[in-house]
Amino acid sequence: MTKTILYARVSTTDQTLDHQRTQAEHVGFIIDEVVADHGVSGVTTTLKERPEGKRLFDMLRHGDTLVVRWVDRLGRNYQDVTDTIRTFMRQGIVVKTVINGLTFDGATQDPMQEAVRDALIAFMAATAQAQAEATKEAQKAGIANAQERGDKYLGRKPSYTRAAFSQVQDMLAQGSGTSEIARVSGLTRQTVLRIKRDPVACEETLNRWDR
């Protein structure tokens with residue numbers, strides 16, 4: 001029995017898992033299962049290096065459909081994205097995007113159709129990397145401008161409130177597990193793990209934004 005699996009990479013607070021699934025279902029996808037990585041970089045971390053991305057390769061079978069919001073969810077590195085999509089197609093897996101409704105299918109034997117498909121894959125992967133690089137340069141410019149004005153660069157706004165931070169700290173002290181804390185606090189597991197690993201840095205981030 002074939003499956004339709006949604007893969008989501010949630011890298012910011014406005015790219016929630018629920019939002020990506022709702023978008024997919026809104027355009028007609030019937031999702032059998034959702035696989036998601038939280039807080040991982042699409043530039044420096046390939047899909048196979050991500051915990052759930054690696055599991056995705058093990059789960060998908062011939063005839064399955066992989067749904068992503070856009071190709072940048074697979075990654076923001078040209079080589080990684082093109083290699084990933086072509087690997088899936090060789091295995092008989094169809095890759096579809098929610099945005100623009102693109103379909104990448106390895107079943108075609110027509111050389112012209114293959115050429116158009118491969119050119120589109122290359123273009124979309126290159127666009128994803130270009131957007132990531134533009135965002136990085138814009139962030140650098142923002143830091144430089146803030147330093148010139150004598151302002152302190154705040155960095156990315158934390159995805160947790162002070163109340164949630166305190167709740168996580170309390171539950172960690174009580175010996176609660178990461179999954180339980182994430183469920184109760186409404187935070188992602190990645191955020192809970194970040195607070196657990198370095199609570200001082202997380203509190204400093206809160207303090208910067210509170211000023």
Side-chain angles (χ1 to χ4, degrees), residues 1-43 45-77 79-109 113-114 116-118 120-125 127-128 131-132 159 177-193:
M1 182 178 176
T2 60
K3 288 184 178 182
T4 297
I5 298 175
L6 172 69
Y7 175 74
R9 180 174 59 82
V10 185
S11 54
T12 64
T13 54
D14 61 339
Q15 296 172 350
T16 66
L17 177 57
D18 288 343
H19 178 61
Q20 291 182 53
R21 178 165 190 161
T22 299
Q23 276 189 317
E25 293 175 338
H26 181 72
V27 298
F29 287 108
I30 299 175
I31 305 300
D32 296 310
E33 192 166 348
V34 177
V35 176
D37 279 299
H38 297 266
V40 293
S41 169
V43 178
T45 310
T46 66
L47 185 62
K48 284 185 176 180
E49 292 174 332
R50 305 172 207 161
E52 295 302 298
K54 182 178 180 181
R55 188 167 74 91
L56 187 68
F57 279 90
D58 296 332
M59 292 173 56
L60 288 167
R61 296 288 184 270
H62 187 282
D64 287 347
T65 298
L66 171 63
V67 178
V68 289
R69 179 176 176 270
W70 198 60
V71 296
D72 67 344
R73 297 303 85 195
L74 295 174
R76 287 180 174 272
N77 175 276
Q79 197 64 55
D80 177 39
V81 173
T82 53
D83 287 349
T84 294
I85 295 177
R86 287 168 182 161
T87 296
F88 285 142
M89 289 194 304
R90 284 195 296 270
Q91 295 174 351
I93 298 157
V94 178
V95 181
K96 295 188 176 185
T97 68
V98 174
I99 296 176
N100 297 329
L102 301 176
T103 297
F104 302 115
D105 188 346
T108 182
Q109 298 297 314
Q113 290 181 358
E114 283 185 308
V116 171
R117 179 203 63 199
D118 291 346
L120 183 57
I121 291 172
F123 173 75
M124 301 300 280
T127 301
Q131 287 181 338
S159 58
T178 302
S179 296
E180 180 186 2
I181 297 173
R183 178 179 57 80
V184 173
S185 66
L187 302 176
T188 65
R189 291 184 76 257
Q190 189 68 28
T191 298
V192 173
L193 287 171

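Along the sequence shown, residues carry numbers from 1.
We find the NE2-CG distance between His19 and Leu17 to be 11.0 Å, quoted to the nearest 0.5 Å. To the nearest 0.5 Å, atom OG1 of residue Thr2 and atom NE2 of residue His62 are 11.0 Å apart. Atoms CG and CG, from Leu74 and Asp83 in turn, are 12.0 Å apart once rounded to the nearest 0.5 Å. Separating the CZ atom in Arg76 from the OG1 atom in Thr127 is a distance of 11.0 Å, to the nearest 0.5 Å. Here the NE2-CG distance, from His38 to Leu187, works out to 11.5 Å after rounding to the nearest 0.5 Å. Note that the OG1 atom of Thr87 and the CG atom of Leu60 stand 11.5 Å from one another [nearest 0.5 Å].
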**CA sep, side-chain torsions, deciding dist, call: Asp118, Arg86, side chain to side chain contact (heavy atoms under 4.5 Å, CB included)** = CA-CA 9 Å; Asp118 291 346; Arg86 287 168 182 161; 4.2 Å; yes
**Message:** For a side chain to side chain contact (heavy atoms under 4.5 Å, CB included) check, start with the C-alpha distance between Ile121 and Met89, then their side-chain angles and the critical distance, and finish with the verdict.
**Reply:** CA-CA 12 Å; Ile121 291 172; Met89 289 194 304; 3.6 Å; yes
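Residue Lys54 comes nearest to Lys48 through the heavy atom pair CB-O, 3.5 Å, listed as atom of the first residue, atom of the second, then distance. In plain terms, the two heavy atoms of Phe104 and Thr97 that are nearest each other are CE1-CG2, 4.4 Å. The two residues Leu47 and Asp80 have their closest heavy-atom pair at N-OD2, 3.5 Å. Shortest non-hydrogen contact noted between Arg189 and Ser179 is NE-OG, 3.2 Å. Scanning both residues, Gly75 and Ala128, for their nearest heavy atoms gives O-CB, 3.9 Å. For Thr188 against Ala182, the heavy-atom pair with the smallest separation is C-CB, 4.1 Å.
Using a 4.5 Å heavy-atom threshold, the side chains of Lys96 and Thr65 count as touching. Counting only heavy atoms from C-beta outward, the side chains of Thr178 and Leu193 approach each other to under 4.5 Å. Within the 4.5 Å cutoff, the side chain of Leu56 has heavy atoms near those of the Leu66 side chain. In this structure the side chain of Ile85 never reaches within 4.5 angstrom of the side chain of Met124, judged on heavy atoms. The shortest side-chain heavy-atom distance between Thr4 and Ile30 does not fall under the 4.5 Å cut-off.
At least one donor-acceptor pair closer than 3.5 Å links the side chain of Asp105 to the backbone N or O of Ala107. One N or O on the side chain of Asp64 and one on the backbone of Lys3 form a donor-acceptor pair closer than 3.5 Å. Judged by distance alone, the side chain of Arg9 and the main-chain N or O of Asp72 form a donor-acceptor pair under 3.5 Å. At least one donor-acceptor pair under 3.5 Å links the side chain of Asp37 to the backbone N or O of Glu52.
The side chain to side chain donor-acceptor pair (under 3.5 Å) with Tyr7 is formed by just one residue from the set Arg50, Gln20, Arg73; it is Arg50.
Around CZ of Phe57, the count of heavy atoms belonging to other residues, nucleotides or ligands within 6.0 Å exceeds 12.
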